[in-house]
Every structure is written in structure tokens, then in C-alpha cells.
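Let me begin by presenting the structure, written as C-alpha cells, before commenting on it.
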Amino acid sequence: MSEELETKESKNFIEQIIDEDLESGRFDHVQTRFPPEPNGCLHIGHAKSVLLNYGLANEYEGKFNLRFDDTNPTKEDEEFVESIKNDVKWLGANWEDRLFFASNYFDQMYEAAVKLIKKGKAYVDDLSADEIREYRGTLTEPGKNSPYRDRSIEENLELFEGMKNGEYEDGEKVLRAKIDMSSSNINMRDPIIYRVAHVTHHNTGDKWCIYPMYDFAHPVEDAIEGITHSVCTLEFEDHRPLYDWVVNELEYEMPPKQIEFSKLYLTNVVTGKRYIKQLVEDGVVDGWDDPRLVTISALRRRGYTPESIRMFVELCGVSKSQSSVDYAMLEYCIREDLNLSRPRFMAVLDPVKLIIDNYPEDQVEWMDVPNNVKNEELGSRKIPFCKELYIERTDFMEEPPKKYFRLYPGNEVRLMNGYFVTCTDFKKDADGNVTEIHCTYDPETRSGSGFTGRKVKGTIHWVSARHAIKSEVRLYENLVDEEKGKLNEDGTLNLNPNSLQVLENCYVEPNISEVKPEDKFQFMRNGYFVADMKEYTPEHPVFNRIVSLKSSFKLPKN
């Protein structure tokens, strides 16, 4: 196989289309865009589109635009504009000075609509929304012409100007493209391209009381900006004939080409803006950035990195076939990113006190501990060891099962980076809960001393009770479980009541005081965590678990 053919086969279908367009001379450059609607925050699916469009522009040394499709003021908000800008920048897509708003083209869109009217390709319709729907027909039956379809060009121009001048109420009149009411594609059955809406716009204020519909505005925006390849998700495939009709009828010199790819569907998550908005309004989640969501801001607060999301998107690939991706693959990517690059601390999430009876009362030893045993370049730190420690409650059992190698009466274990200890006694409260574990230590067995006298099977972690920092730890699970059904019978989300567990009495080694909000690290044996970007303070440390340490997910072999 030739090198040229191997390269071609390694490219995805969008790259192959672009290559053909450049070779044929249809385009002499590449310009892409990411066109979000500012009616909600971006989620993981949008990340795929952002990175794909930005990556294509970079690959072909072209330009990348960030453009807000703000043509529906009834649902848009300036808050979402700023949020989206921050998310796109955080993902690593640099639009530099190429920030645009569809609303800045309203004058040109109006003139484009007038041009269609003058060509006899658009008309003002007085049918109500219900009547338009009735006239449109079905998937198996053609539509029928509106009684207003044959108005003269002069009358349509006058009526459309009246719409612009505020002479009509919302819904009283619309402007429709005149295409084909018998088309097999319902999108081509005289779609509405302008409607009356007396609503203040976040960018243009009250200048306009008519607004273009998305299917008309989008191709016009692309053409105005000189976009060559309008890369969008697969649900717009049936809209492509209308996209092409608009740019061709408006006679743009270099009409853009629309290309569709499959959406990113992730299991056990909520991505629909309508559902997320409802969860936020009902107080089920703590805003659009609640770490149980997969909005970009939520993933960032959860502790995901741009690098891990880029890796995830790359692993998902680009195709035209719809499929779902296991959430475990996203978790795999963040583990891969953090495993070698971040320090490790000792933290006890469900503490019980361990008292070393034969250890000197006032003695404190400072143990030298590597920050990451898999990456020597991260150096080491000192942690205090003393008579009273905290260990995980699950690391002690009064009556252990077979092959339980942690602490139980009479058993010896290693305290990680410390000494061997043997359990001698324990105490319980009136409810039967263990409150104290007593043990003795062997001074000859200090970690790093070279002791080889005997071996133990169990190693447990700990923190100094005298020096540890009390912290709040938040453990997250999936917000929905698709195996039990994502939706209830009434259409509401089937929510997991245990999606958030807040632990308020956790203890972390004192070195944690050096971290800052958004710092990420491993709590040994407990998982990867991040200092919460909104609520972490040195006085009240709050840590979110990003992901547990292990997963059953494995990359498929080539």
C-alpha cells in the first residue's frame, strides 16, 4: 500500500471531503466555526464539536470562528454567552479575535429575506401556527399550499416591512420560503424563515421585533463569514437541502458546504438542556456546574482536565454512525492524565482512631514519603507520625473473613510509609460501633530502614490525629442509571437518590494545606480528587472525588 493511500485511509471522512474540495479547487482554504446558541451551558457533546472544528482549522492552517447563534431572544441570556466563551477557551480552542454574533448580521439577514421575496422565493403568510402545521402534511402525505402563497411580490415586500416596523402582533404573520409543499423532505415544505417576536434581545436591544429562524439564519451566517465547511451533528442531515437552497438562492460566490457527523452519546448522563434546566430550577443540582452533570463547567468543577477531554474526544473518533460511549471511557481518560502527573496524599474518609500503646507519648517522627511512586520527578514530602492516628474504618474487622489481610485482633500489618503494628485490643460504643483500636508497633520495622526480618500481607494508610486537617469530601455517582430506565413513565428523569454523598468528618495529612482551588491529586487508596473551585477555603477544605482508582474499562485492541 502506498504512503499516500495509507495517509488517506487514516483520515476521517470529513478530512477526506476537505481534501477533495481543496484538490478540486472548490475552496482554496479552510474556515470552520463553532456556533452555540446561548440558551444553556455547553456539555460533553459540544466539546466534541468544538474540538473537531478547531482541530480541522488547525490541521489545514485555516481559521476558526466562535459564533453565537443568538437568533431566539426568548431563550437566550448574556450569562450563557460568558459561560460558553470560558468553556471554549478552557478546552483549548483559541478563537483569538474571531468572535462573532449572528445578531450582528440581522441587517444583512433582513436584506437576504427581501432578496428572496423579490425573486418570488418567499412570501408573507397569515396562517396560524396550528394551521401551518396542518397544511404541512405528514411523512406519508404531501402538504398543501397556503391560500396566501401567491401574494404578489409588491404585497409581500410591503407586509414584510410592516412586520419589521412592528405593525403586527406575535404570531400574526410569518415569512415563509416558497419551495415545494409536496417535497418528500418536510423541511422543504415552505419553511418559516422569519417570525414576529416583540422581545428585547441581549445584543440588539429593541431594534428588531422580527427574528430569523435558525434554518435560514445559519447558512446566511456561514456565508457572510466565509465558512468553507459547516460541520454539524447528524440531526441536521435532513436540513441540508434547505441549507443548500438558501445559499444558492442568495447567490453567494463561495457557498459553504454542510457536513454532518454523529453526535456524542454518553451513557448514564443527562445532556439535554431542557432536563438540565429543570434540574437546576428544581434545586436537584447545584447549578449548571454541579459535578454530577457533564456540562463543561461541571466537568471542570468535578476535576476533569482539558487534556483528558481532548483524549476522550479523540478516542471516540468521527463517524456518521450513531452509537453510545460508555461513561467509563471518560473516567479512563482522566485517570490516564492524572496518574503520573499529580501528587498523592493520605486521607481517611471514614475515620476510626488507632492508638499505638507502646509509642512514646510526645514523640513525633517525620516520614519521608514520595509524592508519586510512579514519577520520581515530583519529589517527596514529610508527613508526621505519632502515637494516635486515624485509619479507615473498613481497614479493621473484629471477625474478618478469609483472605482479609488488614487489621484484626492479633494480626500484624504495615502502616504505609511507617511501621509494622499488631492489633491488641479495641473498644466499642453502646451501639456496637468501634471507637478505638489499640496496637503495638515494632521500632525495627520503620519504612526505608531496610528491615527484612519478616513480611506482612496487609498495608493500610493513615494520618496523624494530632496534625491532620479536618475536611469535607464529596463522593459522586451517576445522576441517572440507564439500566433501570433513564426516564420514568411520566417522562421525568429517573434520578439516583445516592448520586451525592457528603462526608464531613474526613482527615487529610497536613500537606494538603498547600493546595489551591482546582488543584488535583490522588488520595491514596481512595481515588482522584480536586479542591472544589467554588467552595474550597483553607479554613473549610472541600474536595470532590473526580474518579475512583480502578475501572473495568479497557481500551479495545487495534
Side-chain angles (χ1 to χ4, degrees), residues 37 39-40 69-76 102 109-110 112-114 116-117 119-153 155-160 162-164 166-199 201 208-220 232-246 249 258 260 263 272-275 277-278 487 490-492:
E37 297 176 72
N39 58 5
D69 264 330
D70 54 345
T71 58
N72 187 2
T74 60
K75 296 183 178 180
E76 295 160 358
M109 289 181 196
Y110 179 79
V114 169
L116 290 179
I117 294 173
K119 291 182 66 174
K121 297 294 185 177
Y123 63 96
V124 174
D125 197 357
D126 294 2
L127 292 179
S128 67
D130 288 339
E131 289 171 328
I132 290 175
R133 195 175 300 111
E134 180 184 346
Y135 273 57
R136 184 175 291 133
T138 67
L139 292 173
T140 57
E141 297 177 353
K144 58 182 181 179
N145 290 346
S146 165
Y148 306 99
R149 195 175 195 265
D150 295 325
R151 278 172 163 158
S152 68
I153 290 175
E155 184 181 6
N156 282 318
L157 288 172
E158 182 179 344
L159 290 172
F160 188 50
M163 288 170 60
K164 176 177 74 77
E167 297 175 10
Y168 305 106
E169 299 296 322
D170 293 5
E172 189 175 348
K173 294 185 187 298
V174 295
L175 183 69
R176 299 176 67 178
K178 185 185 288 188
I179 307 178
D180 181 3
M181 289 302 295
S182 63
S183 172
S184 59
N185 186 335
I186 289 182
N187 296 298
M188 300 297 282
R189 295 180 187 175
D190 291 10
I192 298 171
I193 58 176
Y194 258 96
R195 80 281 200 195
V196 178
H198 292 81
V199 183
H201 191 282
W208 295 92
C209 62
I210 58 170
Y211 293 97
M213 301 298 288
Y214 180 88
D215 276 348
F216 172 70
H218 193 81
V220 174
C232 57
T233 46
L234 208 55
E235 73 265 30
F236 291 102
E237 186 173 32
D238 288 342
H239 298 248
R240 193 197 323 148
L242 178 55
Y243 183 101
D244 292 341
W245 184 90
V246 170
E249 289 295 340
Q258 178 175 302
E260 307 87 18
K263 258 187 173 181
K273 289 180 182 177
R274 176 171 62 89
Y275 288 120
K277 183 179 180 182
Q278 194 64 51
L487 298 177
D490 61 359
T492 59

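Between Arg176 and Arg149 the shortest side-chain heavy-atom distance does not fall below 4.5 Å. Residues Tyr214 and His239 have side chains not in contact (no heavy-atom distance under 4.5 Å, counting atoms from C-beta outward). Counting heavy atoms from C-beta on, the side chains of Met213 and Val174 never come closer than 4.5 Å. With contacts defined as side-chain heavy-atom distances shorter than 4.5 Å, the pair Ile179/Pro191 qualifies. Taking the side chain as every heavy atom from C-beta outward, Leu157 and Val114 approach each other to under 4.5 Å. Between Val196 and Glu169, the closest side-chain pair of non-hydrogen atoms is not below 4.5 Å. Under the 4.5 Å side-chain criterion, counting only non-hydrogen atoms from C-beta, Phe216 is in contact with Leu116. Using a 4.5 Å cut-off on side-chain heavy atoms (C-beta onward), Tyr110 and Lys164 make contact.
Put simply, the side chain of Asp70 gets close to the backbone of Ala102: a donor and an acceptor are under 3.5 Å apart. Between the Arg189 side chain and the Asp180 main chain, no donor and acceptor come within less than 3.5 Å of each other. Checked by atom type and distance alone, the side chain of Arg195 never pairs as donor or acceptor with a backbone atom of Asp170 at under 3.5 Å. Asn39 places no side-chain N or O within 3.5 Å of a backbone atom of Lys75 that could act as its donor or acceptor partner.
Gln278 meets the side chain to side chain donor-acceptor pair (under 3.5 Å) test with Asp282; sequence neighbours excluded. Listed by chain and number, the residues in a side chain to side chain donor-acceptor pair (under 3.5 Å) with Asn156 amount to none (sequence neighbours excluded). Not counting sequence neighbours, Lys144 has no partner by the salt bridge (charged side-chain N to carboxylate O under 4.0 Å, His left out) test. Remark: Tyr243 engages no residue in a ring pair (Phe, Tyr, Trp, His ring centres under 6.0 Å) (not counting sequence neighbours). Glu158 meets the salt bridge (charged side-chain N to carboxylate O under 4.0 Å, His left out) test with no other residue; sequence neighbours excluded. In this structure Lys263 satisfies the salt bridge (charged side-chain N to carboxylate O under 4.0 Å, His left out) test together with Glu235, sequence neighbours excluded. In terms of the side chain to side chain donor-acceptor pair (under 3.5 Å) criterion, residue partners of Lys173 (sequence neighbours excluded) are, by chain and number, Asp126. Applying the side-chain contact (heavy atoms from CB on, under 4.5 Å) criterion to Thr140, with sequence neighbours excluded, gives Thr138. The side chain to side chain donor-acceptor pair (under 3.5 Å) check on Glu131 picks up Ser128, with sequence neighbours excluded. Here Glu76 pairs with nothing under the salt bridge (charged side-chain N to carboxylate O under 4.0 Å, His left out) rule; sequence neighbours left out. Residues meeting the ring pair (Phe, Tyr, Trp, His ring centres under 6.0 Å) test with Tyr275, sequence neighbours left out: none. With sequence neighbours left out, the ring pair (Phe, Tyr, Trp, His ring centres under 6.0 Å) criterion links Tyr135 to no other residue.
Taken to the nearest 0.5 Å, the CD1 atom of Ile193 stands 11.5 Å off from the CE atom of Met109. Atoms CZ and CG, from Arg240 and Asp215 in turn, are 13.5 Å apart once rounded to the nearest 0.5 Å. Atoms CG and CD1, from Asp125 and Ile132 in turn, are 5.0 Å apart once rounded to the nearest 0.5 Å. Atom-to-atom distance recorded for Thr74:OG1 and His198:NE2 is 14.0 Å, nearest 0.5 angstrom. Distance check, rounded to the nearest 0.5 Å: CD1 of Ile192 to CG of Leu175 gives 9.5 Å.
Using cut-offs of 30° and 60° on the angle between ring planes, the pair Phe160 and Tyr194 is perpendicular.
Residue Lys119 places its NZ atom among more than 12 non-hydrogen atoms of other residues, nucleotides or ligands, all under 6.0 Å distant. With a 6.0 Å radius and a threshold of 12 heavy atoms from other residues, nucleotides or ligands, Lys273 has its NZ atom above the threshold.
Heavy-atom minimum distance, Gly120 versus Ile153: N-CD1, 4.1 Å.
Judged by distance alone, the side chains of Thr71 and Asp69 never bring a donor and an acceptor atom under 3.5 Å apart. A side-chain N or O of Asp190 and one of Tyr123 form a donor-acceptor pair less than 3.5 Å apart.
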Phe236 vs Gln258, test: side chain to side chain contact (heavy atoms under 4.5 Å, CB included). Steps then yes/no.
CA-CA 9 Å; Phe236 291 102; Gln258 178 175 302; 3.8 Å; yes

Where do Lys121 and Ile117 land on the side chain to side chain contact (heavy atoms under 4.5 Å, CB included) test, with the steps shown first?
CA-CA 5 Å; Lys121 297 294 185 177; Ile117 294 173; over 6 Å; no

Side chain to side chain contact (heavy atoms under 4.5 Å, CB included) between Val220 and Val246, intermediate numbers included
CA-CA 7 Å; Val220 174; Val246 170; 4.0 Å; yes

For a side chain to side chain contact (heavy atoms under 4.5 Å, CB included) check, start with the C-alpha distance between Thr233 and Glu260, then their side-chain angles and the critical distance, and finish with the verdict.
CA-CA 5 Å; Thr233 46; Glu260 307 87 18; over 6 Å; no

